[in-house]
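Inspection log for the structure reproduced underneath, given as structure tokens.
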Amino acid sequence: MKTLQENLRRRIAELLSGAYDLSGIEAEFTVPAERRFGDLSTTLAFALARKTRSKPFALANDIAARLQGQLPEAEEVRVAGGGFLNFFLRRDLFFRARLEAQARPLPPPARGEKVIVEHTSINPNKSAHIGHLRNSCLGDTLARCCRFLGYEVEVQNYIDDTGIQVADVVWGLLRHRRLDLEAIRRIPDLAAYLWELYAEVNRLFAGDEELAAQRREVHKRIEEKAEPEYGVCLHVAEQVLLDHVRTMEKLGIQYDLMARESDVIALDFFKAAAAELTGRGVMFPSADPDKRGCLVIHYEREKIEKIIVRSNGTITYVGKDIAYNLWKFDLLGRDFFYRPFHAYAGGHPIAMTASAPAPAAPGARFGRGRRVYNVIDVRQSYLQNLISQVLAQLGHPGAAAGFVHFSYEMVALTPACVRDMGLELEPGEEAKPYIEVSGRKGRAVKADDLIAMLEEKSHREVRRRNPELPEAEARKLSRRIAVAALRYFMIKFNLNTVIAFDFQEALNFEGDSGPYLQYAAVRLNSILRKAAAADIEAARGAASLAPLDGAERDAYWELALHLSLLETQAEYALAHHDISSLAAYAYLLCQKFNHYYHLFPVLAEPDPGRRALRLALVLLFKGRIETLLALLGIEIPERM
RNA sequence: GCGCCUGUAGCUCAAUGGAUAGAGCGUUGGCCUCCGGAGCCAAAGGCUAUGGGUUCGAAUCCCGUCAGGCGCGCCA
């Protein structure tokens, strides 16, 4: 399809070049809402009319006359709706090309461009929650999308293992619960244990100066590598990180590199960045008396000074993040050391940064991205914009252009949902549209709990429909369905839509949901199995749509046309940062398919020509939906 | 105060400046004489918050107004 659109665009430009100045105007094609308008539509005439200040309708008619009969792909060009140029494709030719492409799929074009996707990046001090799931599902789908389009992709997860959040639970373990490292090592599900503890210590800290001072002291001792705090901190960060990896692996989400903040600090990345920043005058001593002794950067957008180096000489989060992001583009002149961290069941390794040469270091080279996607929620826009500004100020326009804050709105809880979870509402919160998810306040749905609920519901449904299925099979199937439901739910909304989390909606397996997509694919596979058993063969080669009668031909053609748009859709999703459009496309395809096979059964069709054509469409659909659902991280089960 | 985002069916959301604003849930009514009902068909439900403007064309772009959310720390 892509080449079809490109061919059309090029031919049109050639045919019109003598008559019109098309500079700055590109023919973009869309599929019109109704087939009677045509198969592909372009608003070229409107754009040209605007430019030349002429009437679009007359212009469109002239263009149509010049194109008529000159395009090998198009049967006819018509003008409608005041100036739309509508193309009616040569259907048999098009359909044969689709069958051909299916039989001999081409690998994606190599882009020769490395893309880094940073996602997840959860503080390693407690289990993951639903807010983190949105991040990871978006990030993973983005990474899959880049890979599908031919980019080399590296997935990084940034671990803030030195922050105050980890210090909080270290304080809780050592001073509040009075455990030693050995006792801490014996805690079975540490991340879940800390989930409770983190909320508890934050309640204790609130308004207690004495405890707040203790907390600062613990933080300081961790920074100074003093025992037992430092050892407990390392243990906690590593164990919780492994817990996050396990949680995400359930959803088919994998990482290539864990980048640790402690290594950014130990290797003094900021020193290299600071030299550049001061050299270029981007960072300078503040003239503000309140910020005496601080080094700051002027944030142009909001005309404020952001502190990068505190008066005591320590570096803020932003400072470390600037250094880390310079490293991602290979603009720092320094590199981490690396060590193996973990290997997935399939063999894929995760590396972790290190601050000294490691004995069994992985061979892969990390970083050196041409484009960097930071999947971080919208609340960090300010800091991400600042980094982008700094990249430009340091004389790296390419990096500034390739730096993308892949920003999305938060997941929140409705007041009703908070109450259902047995949690207290603060005064005034009842009237709010939604309430922020907070691990600190213990106000969140744990990712593992939600996954378990989805598996439980899915298991009940599976059991009801397949009572004879062995239990192990039923469990495996339930997991796949749960993953589909969750991943689809997390990406189906626009990025700037706040998800006001609702159990009923998240647990929905009907209609606009992941399991609906799986169901369509499962039904389709069932048809193919029965066709194979009955030795029915699909049409191929010089197929023509002629054996189909009117209504079916239109429905058939409609589906074939939409099936061809997968690559176009993926490119659109990436270019516009619109992951949800892929979910919508998948849903549209499955709806169209369900509709089609209800009207036009394959196996019961007596006419062999028609039957072979229908089967060819089912096969075409199978190929496309498998690819598309893989892009969304959704597996297609044998049955369900 | 400054910066960013949002307002669309009863609810939750779509709609790439484009043709008659679409889905799901919920409601009402139909459909297995079947290739599996996690499905299909149909009905009801809309002054796209509001007032202007730009455009051949506005839910979409611009300016006001109203209502909500997020960010702006020598936390990370």
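All of these numbers come straight from a predicted model, not from anything done at the bench.
- Proximity of Asn594(A) to the phosphate of rC40(B): a side-chain N or O atom is located under 4.0 Å from OP1 or OP2.
- Per the geometry, CE belonging to Met640(A) stands 12 Å off C1' belonging to rG37(B), to the nearest Å.
- For Arg523(A) and rG37(B), the shortest distance from a side-chain N or O to OP1 or OP2 is below 4.0 Å.
- For the pair Lys592(A) NZ and rG39(B) P, the computed distance is 18 Å after rounding to whole Å.
- For Asn123(A) and rA76(B), the shortest distance from a side-chain N or O to OP1 or OP2 is not below 4.0 Å.
- With a cut-off of 3.5 Å on both Watson-Crick or G-U wobble distances, the partner of rG36(B) is given as none.
- Val522(A) comes within 4.0 angstrom of a nucleotide base, judged by non-hydrogen atoms across all strands.
- Under 3.5 Å, the side chain of Glu505(A) and the base of rG24(B) form no donor-acceptor pair of N or O atoms.
- Here rG39(B) is the nucleotide among rC2(B), rG39(B), rG24(B) with the atom lying nearest to any side-chain atom of Tyr519(A).
- Of the charged side-chain nitrogens involved, none lies within less than 4.0 Å of a carboxylate oxygen, so that Lys441(A) and Glu429(A) do not count as a salt-bridged pair.
- Nucleic acid contact for Glu605(A): none, since no nucleic acid atom lies under 4.0 Å from a heavy atom of the residue.
- Using a 4.0 Å heavy-atom cutoff across all strands shown, Pro601(A) reaches at least one base atom of the nucleic acid.
- Residue contacts for Arg529(A): at a heavy-atom cut-off of 4.0 Å it reaches no nucleic acid atom on any strand shown.
- Taking only side-chain nitrogens and oxygens, Lys492(A) never comes nearer than 4.0 Å to OP1 or OP2 of rG24(B).
- Donor-acceptor pairing under 3.5 Å, judged by distance alone, is present between the side chain of Asn86(A) and the base of rA19(B).
- Using a 4.0 Å heavy-atom cutoff across all strands shown, Leu603(A) reaches at least one base atom of the nucleic acid.
- Put simply, CD on Glu28(A) is 10 Å from P on rG17(B), counting in whole angstrom units.
- A sub-4.0 Å separation between OP1 or OP2 of rA76(B) and a side-chain N or O of Tyr317(A) is absent.
- Here Arg292(A) lies in heavy-atom contact (under 4.0 Å) with a base.
- Aromatic rings of Tyr299(A) and Tyr382(A) (six-membered ring for Trp) have centroids within the 6.0 Å cut-off, being under it.
- From Tyr158(A), atom OH reaches atom CG of Asp321(A) across 6.0 Å, with rounding to the nearest 0.5 Å.
- Rounding to whole angstrom units, CZ of residue Phe46(A) and P of rA19(B) are separated by 10 Å.
- Out of rA38(B), rC13(B), rA19(B), the shortest distance to the side chain of Phe493(A) is found at rC13(B).
- Remark: Glu638(A) CD is loosely packed, at most 12 non-hydrogen atoms of other residues, nucleotides or ligands lying under 6.0 Å away.
- At the heavy-atom level, Val498(A) lies under 4.0 Å from the strands shown only through sugar-phosphate atoms.
- Ring-centre distance between Phe29(A) and Phe87(A): below the 6.0 Å cut-off.
- The partner of rG73(B) is absent, by the rule that a Watson-Crick or G-U pair needs both atom distances under 3.5 Å.
- Along RNA chain B, the nucleotide closest to Phe37(A) and the one closest to Glu261(A) are compared, and the more 5′ of them pairs with Phe37(A).
- Ionic pairing of Lys492(A) and Asp512(A) is present here: one or more N-O contacts between side-chain nitrogen and carboxylate oxygen are shorter than 4.0 angstrom.
- Rounded to a whole angstrom, the distance from the C1' atom of rG37(B) to that of rA44(B) is 24 Å.
- At a cut-off of 3.5 angstrom, counting only N and O atoms as typed in the model, there is a donor on one side and an acceptor on the other between the side-chain of Ser41(A) and the base of rA19(B).
- Of the nucleotides present, none pairs with rU16(B) by Watson-Crick or G-U wobble criteria with both distances under 3.5 Å.
- Whole-Å rounding puts the Gln504(A) CD to rU12(B) P distance at 13 Å.
- Residue Leu615(A) is out of contact with every strand shown, counting any heavy-atom pair closer than 4.0 Å.
- Listed pair Thr497(A) / rC5(B) fails the phosphate criterion, with no side-chain N or O lying under 4.0 Å from OP1 or OP2.
- Straight-line distance from the NE2 atom of His595(A) to the P atom of rG37(B): 16 Å, rounded to whole Å.
- Comparing rU6(B), rC70(B), rA23(B) by their closest approach to the side chain of Asn496(A) singles out rU6(B).
- A sub-4.0 Å separation between OP1 or OP2 of rC40(B) and a side-chain N or O of Tyr516(A) is present.
- As the counterpart of rG7(B), rC66(B) is assigned, both hydrogen-bonding distances of the Watson-Crick or G-U wobble pattern falling under 3.5 Å.
- The residue Leu599(A) sits apart from the nucleic acid: no heavy atom pair falls under 4.0 Å.
- Put simply, Asn494(A) has no side-chain N or O that comes within less than 4.0 Å of OP1 or OP2 on rC13(B).
- Here Ser526(A) reaches the OP1 or OP2 of rG36(B): one of its side-chain N or O atoms lies under 4.0 Å away.
- Pair check for rU27(B) finds rA43(B); Watson-Crick or G-U wobble, both atom distances under 3.5 Å.
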### Test log, rule side chain to side chain contact (heavy atoms under 4.5 Å, CB included), inputs Tyr324(A) and Glu261(A)
CA-CA 9 Å; Tyr324(A) 173 45; Glu261(A) 181 157 297; over 6 Å; no
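- When distances run from any side-chain atom of Arg465(A) to the nucleotides rC74(B), rU12(B), rA38(B), the shortest one goes to rA38(B).
- Here Arg614(A) does not pair with Glu537(A) in a salt bridge; the nearest charged N to carboxylate O distance is not below 4.0 Å.
- In the interface, the side chain of Ser311(A) is paired with the base of rC74(B) through a donor and an acceptor atom under 3.5 Å apart.
- Among the protein residues, Lys303(A) comes within range of no part of the nucleic acid, since none of its heavy atoms lies under 4.0 Å from any strand.
- No contact: Phe57(A) has no heavy atom under 4.0 Å from any strand.
- Ion pairing between Lys432(A) and Glu426(A) fails under the 4.0 Å rule for side-chain N and carboxylate O.
- Distance CZ (Phe509(A)) to P (rG24(B)): 19 Å, rounded to an integer number of Å.
- Here Ile307(A) lies in heavy-atom contact (under 4.0 Å) with a base.
- Atom C1' of nucleotide rG37(B) and atom CZ of Arg639(A) are separated by 17 Å, given to the nearest angstrom.
- In this model, the phosphate group of rC75(B) is approached by a side-chain N or O of Arg310(A) to a distance below 4.0 Å at OP1 or OP2.
- Within 4.0 Å of Phe600(A), counting heavy atoms only, lies at least one base atom of the nucleic acid.
- By the 4.0 Å N-to-carboxylate-O rule, Glu461(A) lies close enough to Arg464(A) to be salt-bridged with it.
- For rU55(B), its base never sits under 3.5 Å from the side chain of Arg53(A) at any donor and acceptor pair.
- Closest to the side chain of Ile304(A), from the set rC72(B), rC70(B), rA15(B), is rC72(B).
- By the criterion of a centre-to-centre distance under 5.5 Å and near-parallel planes under 30°, the ring of Phe84(A) forms a stack with the base of rA19(B).
- Counting any heavy atom pair closer than 4.0 Å across all strands shown, Arg36(A) reaches a base atom.
- For Arg301(A) and rG71(B), a side-chain-to-base donor-acceptor distance below 3.5 Å is absent, hydrogens and geometry of angles not being considered.
- Proximity of Arg78(A) to the phosphate of rA19(B): no side-chain N or O atom is located under 4.0 Å from OP1 or OP2.
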